[in-house]
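Scroll down for the structure; my scribbles are underneath it.
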Amino acid sequence: MAAGNKSGTITRRGFLQRSQAMMAVLGAGSLVGSTEALAAPTKTTGTDYYSKLGVKTLINAAGTYTFLTAAVMPPQVRDAVYEAAKHPVYLKDLQVKAGEYLAKKLRCEGAVVTCGASSALTLAAAACVTAANNCKPEDIPQNIGSKNEVIVQHGHRYGYDHALELCGLKFVEVVTMEDYRKAFNEKTVMTNFFNAAEHGEIGHKDWLAIAHEHNVPCCIDAAADMPPIENLWKYTEMGFDLVCFSGGKGIRGPQNAGLLLGKKHYTDLAHANNNPVDGVARGMKVAKEQIVGMVAAIDWLLEQSNESMTKEFTRRAEAIGNIVKDVPTMQVTYFTPPAANQVPHVIMTFDPAALGITAKEAQQKLRELDMPIELNPATGSTRSSGGVPPHPNALVATTWMLNPGEDEIIGKQIKAILTKKKA
Ligand SMILES: *Cc1c(COP(=O)(O)O)cnc(C)c1O
């Protein structure tokens, strides 16, 4: 089914078409109430390339996962991207002015719009390598000089280590405070802290204090850790020299944008290593549309409040919960993770033997719909995902990336799948 998507925008007509098709499937009542909450259509009326390419749009009840293209941009961000596409500018001028604007808004000394949080880590490393070795962008990673060590906690090693390795860095792992104190030497360039790590015994304050005793800069990866909104200045105010955020997760900017925030000495060095310079970030270009989209997303976000976002995400979670709660054996609970993805999730636990279907099977059936519904990967799983503990016998829905009306569709589809009579 071609979804109602026009160049990434959900039009009212498209939405009604798809929700009516869905209601026909479900034999359910009117959705008029929820369509009133629809955002005004944006100015663009371009070709629907998703439908032209035969790419299905989906309902994202999983969260800001990269493989699901993470967030959808709010209308005012999409409009800013559309306006930015009309005219060429001097790229450096835009990078610098966007950085200055964001630094002021986000209460830090300096800012760089990067090509995502992963690229923010690379530019942070490039800045620290440059500061320690006094090298040039073209020296990274092969000729940086003798200083090439980054200190991390063993429990903070992760897939994004690659982003630092790109700058020629080697990892020095520590577990205890004593290890940490001993790890500093003349080769130390920086430290990295994974904010949402589930392991690691050294806290933020001790981590910073000891590094700063040695005059070593500290970077923190807080990519997915907004909300709450104040986290955007919490870590720079705590004293971290460099702070990385994804632009396309909770901030709801373009997926290939991110933020590097911090002390001006280091963010200036990050700018110096950024494209169009032929260095490590040459292949991490952020186009003018995405730079502007990132700035517009911060403007949009700062007009929101933690309370209003929580209220709306909770309303959606409860809308789903209320539709499925009468399914036999169903127990509906709600959960908000403590660090990353700190938003309400609805956990729908049931007895697979009584209903004749497992959580994983139900998840797969939702994926096979004309309008696929993607649930949180903790669904039917023995592994946690995005801060949600494993739920082998539950469906887990995350509500912050839903478009208006999709909460109701999710609830009805889940109920239909779980109560379908076996042939
Ligand atoms: C998502 C994520 C990243 C990568 O973010 P991008 O913006 O996709 O580059 C890095 N670190 C953590 C902890 C993340 O959750």
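In listed order, ligands and their atoms are each counted from 1. For this chain, numbers begin at 1 and follow the sequence in order.
A salt bridge does not link K365 to E361: none of the charged side-chain nitrogens sits closer than 4.0 Å to a carboxylate oxygen. A salt bridge links K182 and E178; the closest N-O separation between the charged side-chain nitrogens and carboxylate oxygens is under 4.0 Å.
For S119 and T122, the side-chain atoms include no donor-acceptor pair closer than 3.5 Å. Of the N and O atoms on the side chains of T130 and N273, at least one donor lies less than 3.5 Å from an acceptor on the other residue. A donor-acceptor pair shorter than 3.5 Å can be found between the side chains of N195 and H204. In this structure, a donor-acceptor pair under 3.5 Å is present between the side chains of Y65 and S385.
When only interatomic distances are considered, the shortest N/O to N/O separation between Y158 and ligand 1 does not fall below 3.5 Å. Residue Q255 has no nitrogen or oxygen atom sitting less than 3.5 Å from a nitrogen or oxygen atom of ligand 1, judged on distance alone. At least one N or O atom of A117 sits closer than 3.5 Å to an N or O atom of ligand 1.
The closest protein non-hydrogen atom to atom 3 (C) of ligand 1 is Y160 CZ, 3.2 Å.
Interface of S246 with ligand 1, defined as ligand atoms under 4.0 Å from a residue heavy atom, comprises 1 (C), 5 (O), 6 (P), 7 (O). Residue G116 approaches ligand 1 through these ligand atoms, each under 4.0 Å from one of its heavy atoms: 7 (O), 9 (O). The ligand atoms of ligand 1 that sit less than 4.0 angstrom from a heavy atom of S118 are 4 (C), 5 (O), 6 (P), 9 (O).
Residue K249 touches ligand 1 through its side chain alone, judged by heavy-atom distances below 4.0 Å.
Taking 4.0 Å as the cut-off, F194 counts as a neighbour of ligand 1 on heavy-atom distance.
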